[in-house]
Amino acid sequence: LGSLADRLANLGYPSSLSYLIRIAAFAAIIQSPFVSTVVVVGSEMTDPMGCSGSRGAWVARTAFTVNRACLLLGSLGSTLFPCPRGIFALLGGVFTLAVLLISLCIFGVGRAAWTTHVGQTIYIICNAIVGSFESYLTSAAYRFVGEAKNVQRMKRHNATTFLSLLSGGGVCLMGFCAGIGVDEGFLHCVEVNV
């Protein structure tokens, strides 16, 4: 156990790599456990007939399918179309905006707008963005860290190890919290007042 504590204490890396790690870890922590767990709740909130309508079920299937398909495409896109660091930060901002919009839908903010065809389409597109950008950002962050010039090999190794630990631990914790939120009814669809 002492060796593990020593290794964790030595996970220092240059601050020039910290924004890469923060953006990629945030994307991983949000996409996998949070969005995947609550996509159905948000989809139900887009149904004009209420929580168990057929339109909400269609939005759920479509949003989940495009999210999962885009996970693969984002990772592949990171390899085929690498971006400069400035664009990486911009993609992180777009990812955050998509997560914010999904969260607004889940919590019923602007419910009437989400129940329109345009609102449902935006919800599906946001799920696609979150899926594709999460895998793109994570793959790109590992590449940027690995290719960092003027950074010692051990510091690059520390940065990727920290990213892996932060992402893995964060995914588990967020998944646990989101699962409890859905299971306990904190995150649920609220019926439309007709």
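For reference, positions follow the sequence shown, starting with 1. Computed over heavy atoms, backbone and side chain alike; hydrogens, waters and symmetry mates excluded.
- Pairing each heavy atom of Pro14 with each of Lys155, the nearest pair is CD-CB, 3.8 Å.
- From Leu17, atom CG reaches atom CG of Asn158 across 10.5 Å, with rounding to the nearest 0.5 Å.
- Annotation: cation-pi geometry not satisfied between Arg111 and Trp114 (NZ/CZ under 6.0 angstrom from ring centroid, within 45° of ring axis).
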Margin query: Run the side-chain contact (heavy atoms from CB on, under 4.5 Å) test on Tyr136 and Leu73 for me, step by step, so that the C-alpha distance in whole Å, both residues' side-chain angles and the decisive distance to 0.1 Å come before the verdict.
Written below: CA-CA 8 Å; Tyr136 188 99; Leu73 295 175; over 6 Å; no

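- No single ILVMFWY cluster, assembled from side-chain heavy atoms under 4.5 Å apart, contains both Leu163 and Leu71.
- One finds the OG1 atom of Thr37 at 9.5 Å from the CE atom of Met174 (value rounded to the nearest 0.5 Å).
- Closest approach of Val130 to Ala98, counting heavy atoms only: CG2-CB, 3.9 Å.
- Scanning all heavy atoms of the two residues, the minimum distance from Val145 to Ala159 falls at CG1-CB, 3.7 Å.
- For the pair Ser167 (side chain) and Ser164 (backbone), a donor-acceptor distance under 3.5 Å is absent.
- With Ser75 contributing its side chain and Leu72 its backbone, the two residues share no donor-acceptor pair below 3.5 Å.
- Using a 4.5 Å cut-off between side-chain heavy atoms of Ile, Leu, Val, Met, Phe, Trp and Tyr, with links allowed through other members, Ile125 and Leu137 fall into the same hydrophobic cluster.
- Panel note: side chain Arg143, backbone Pro82; no donor-acceptor pair is recorded below 3.5 Å.
- Across all non-hydrogen atoms, the minimal contact from Ala63 to Val39 is CB-CG2, 3.8 Å.
- In this structure, the side chain of Ser135 engages the main chain of Ser132 through a donor-acceptor pair within 3.5 Å.
- Expressed to the nearest 0.5 Å, how far CG of Leu91 lies from CD of Glu134 amounts to 13.0 Å.
- In this structure, the side chains of Gln120 and Pro48 come closer than 4.5 Å at one or more pairs of heavy atoms.
- The hydrophobic clustering, which links ILVMFWY residues whose side-chain heavy atoms are closer than 4.5 Å, places Leu101 and Val109 together.
- With respect to Ser43, the side chain to side chain contact (heavy atoms under 4.5 Å, CB included) criterion is satisfied by exactly one of Val59, Val38, Ile106: Val59.
- The hydrophobic clustering, which links ILVMFWY residues whose side-chain heavy atoms are closer than 4.5 Å, places Ile29 and Tyr19 together.
- Residue Val41 is not grouped with residue Ile180 when hydrophobic side chains (ILVMFWY) are merged at heavy-atom distances under 4.5 angstrom, including chains of intermediate members.
- No side-chain heavy atom of Tyr142 sits under 4.5 Å from any side-chain heavy atom of Leu20.
- Listed for the Thr121 side chain is a donor-acceptor partner under 3.5 Å among the backbone atoms of His117.
- Taken from CD in Gln31 to CZ in Phe133, the straight-line distance is 12.5 Å, to the nearest 0.5 Å.
- With a 4.5 Å cut-off on side-chain heavy atoms, Cys105 and Thr46 count as touching.
- Of the N and O atoms on the side chains of Ser18 and Arg22, at least one donor lies less than 3.5 Å from an acceptor on the other residue.
- Taken from CD in Glu191 to CE in Met45, the straight-line distance is 10.0 Å, to the nearest 0.5 Å.
- Annotation: the span from Ile129 atom CD1 to Asn67 atom CG amounts to 11.0 Å, rounded to 0.5 Å.
- Of the possible polar contacts, one joining the Arg156 side chain to the Val151 backbone as a donor-acceptor pair under 3.5 Å is found.
- Here the side chains of Thr62 and Tyr123 are not in contact, with every heavy-atom distance at 4.5 Å or above.
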Check: side-chain contact (heavy atoms from CB on, under 4.5 Å) between Thr96 and Phe26: does it pass, once the steps are laid out?
Finding: CA-CA 9 Å; Thr96 303; Phe26 173 72; 3.6 Å; yes

